[in-house]
2 protein chains.
Amino acid sequence: MDSKDISQAVISRLPRYHRFLSELKDRGIERISSAELSDLMHVTASQIRQDLNNFGGFGQQGYGYNVDYLYEEIGHILGLDMRHNLIIVGAGNLGQALANYVNFDRRGFHTKGLFDSDPHMQGVVVRNMPVRPMSELEDFIRVNSIDIAVLTIPKEAAIEVADRLIRCGIKGIWNFAHIDLDVPPNVRVENVHLSDSLMKLSYNLRDLG
Amino acid sequence: MDSKDISQAVISRLPRYHRFLSELKDRGIERISSAELSDLMHVTASQIRQDLNNFGGFGQQGYGYNVDYLYEEIGHILGLDMRHNLIIVGAGNLGQALANYVNFDRRGFHTKGLFDSDPHMQGVVVRNMPVRPMSELEDFIRVNSIDIAVLTIPKEAAIEVADRLIRCGIKGIWNFAHIDLDVPPNVRVENVHLSDSLMKLSYNLRDLG
DNA sequence: ATCTGCTTGGCAAAAAATTCACAAAGTATC
DNA sequence: GATACTTTGTGAATTTTTTGCCAAGCAGAT
């Protein structure tokens with residue numbers, strides 16, 4: 001299970017497996033074969049088996065995969081059994097929307113604070129958390145052992161804020177700003193570029209009438 | 001420029017090129033070589049040339065690429081010069097956040113309406129648009145020539161709502177619901193699974209301390 | 001306890017994506 | 001106008017990803 005050898009393509013598919021297994025669990029299904037899962041997910045059975053085998057053999061010949069067990073294992077691979085403390089930087093509409101996402105807590109992602117540079121936002125309360133001024137950023141990160149920062153600010157401010165976050169030891173940045181961040185190798189960035197996604201949809205609509 | 005032959009991997013990279021070219025434009029840079037762009041974007045020059053050549057030769061030997069021209073061409077490939085009318089279904093935090101994104105308008109994506117099934121949301125006004133009841137959905141789509149629906153509703157409702165949308169001729173669905181939609185071949189879905197993205201970040205943080 | 005059928009794990013083949021390398025064709029300079 | 005330099009476009013090589021295949025081995029029935 002040496003992470004460096006596993007391609008991001010495989011990693012990107014794991015959350016989807018996790019999602020379908022969760023659904024199967026909810027439906028009370030105990031076991032599933034790669035062929036059945038293949039039908040459900042519209043990917044080849046071979047790919048499912050290949051993907052899972054990157055992390056060890058979770059199935060059994062003649063039986064298939066145990067849904068509960070596989071669900072737990074994939075969760076473990078993804079690090080969902082670890083606790084992460086987040087802050088959200090940028091308390092605009094999107095920042096507030098993310099702050100209100102209760103499901104993140106269930107996966108071990110706990111939002112501890114909310115920051116905004118706009119003085120008019122100070123004191124506004126979102127999900128029992130007051131919006132804090134940027135001047136409190138560094139102290140708050142240290143005191144609350146924050147390891148992930150969610151960046152929901154305009155691109156103009158993103159680079160500077162990211163630098164500040166990195167300087168006080170943030171490990172992960174979930175970046176919603178419309179810009180690519182250059183970070184040192186010990187920091188991980190996951191981008192959510194909504195505009196890029198919309199443009200992709202636009203392209204795929206081109207020849208549809 | 002036969003769209004069916006071009007892989008989604010290439011398409012996924014086009015918005016990023018577009019973004020960097022926009023930045024170069026803003027900085028007043030008129031021309032750029034694939035080697036310079038390669039440095040900037042941290043991808044190989046070869047990949048840039050290969051990607052662009054899928055759609056025709058936009059550069060010139062000994063000169064490179066004209067920034068303005070390439071920007072326009074990629075925008076055209078992505079269909080950004082077409083007008084799209086959107087509705088947002090689900091006026092929760094995320095739906096409202098997206099409704100307030102002014103930048104989408106600049107790219108030809110015009111939000112025309114906002115819907116929610118919750119009676120308490122009726123009449124709430126977001127960016128000058130009243131939240132409408134789901135009963136008005138079909139008529140509104142027809143009257144306003146809506147071609148894209150943004151789905152920001154819980155997964156439990158997503159399949160049923162998607163079916164309604166498809167039945168009245170929606171062409172594209174920008175799906176933020178935490179579930180995969182099965183749609184007929186003449187409908188395009190672009191998924192934004194925020195949880196999946198966060199799990200990917202979680203994985204990449206695993207061996208970082 | 002044995003037999004039949006099913007399904008994995010892993011290797012091999014095929015396909016797809018990326019990178020290399022260079023001729024061709026332009027730019028810039030003198 | 002000739003020469004030196006730059007950089008694209010593209011075919012070929014390489015690498016990565018996906019798919020096909022089947023021996024090995026467990027489950028379930030009798």
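Any value given below was found using the heavy atoms of this structure, including those in side chains, with hydrogens, waters and symmetry copies removed. Throughout, a chain's letter reflects where its sequence line sits, starting with A, and its residues are numbered from 1.
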Nearest-nucleotide wise, let me know which of A/V10 and A/Q60 is further upstream toward the 5' end of DNA chain D.
A/V10

Report the residue from A/I74, A/V10, A/I11 that forms a side-chain contact (heavy atoms from CB on, under 4.5 Å) with A/D51.
A/V10

Heavy atoms from C-beta onward define the side chain here; which of [options] lies closest to that of [X]?
| X | options | answer |
| --- | --- | --- |
| A/Y65 | C/dA12, C/dG9, C/dT18 | C/dG9 |
| B/N53 | C/dT27, D/dG9, D/dG25 | D/dG9 |
| A/S46 | D/dC21, C/dG9, C/dG26 | D/dC21 |
| B/R31 | C/dT18, D/dA24, D/dT7 | D/dT7 |

Can B/H193 and B/D180 be counted as having a side-chain donor-acceptor contact under 3.5 angstrom?
yes

Within the structure, does a side-chain N or O atom of A/R49 lie under 4.0 Å from either OP1 or OP2 of C/dG9?
no

Ignoring backbone atoms, test whether A/Q47 places a side-chain nitrogen or oxygen under 4.0 Å from the OP1 or OP2 oxygen of D/dT18.
yes

Mapping B/T44 and A/A35 to their closest nucleotides on DNA chain C, which lands nearer the 5' end?
A/A35

Between OH of A/Y63 and P of D/dA27 the distance, given in whole Å, is 9 Å

Could one point to a donor on the side chain of B/Q50 or the base of C/dT19 with an acceptor on the other under 3.5 Å away?
yes

Hey, is B/R83 close enough to B/D147 for a salt bridge, meaning N to O under 4.0 Å?
no

Using modelled atom types only, decide if a donor and an acceptor are shared between the side chain of A/R31 and the backbone of A/N66 within a distance under 3.5 Å.
no

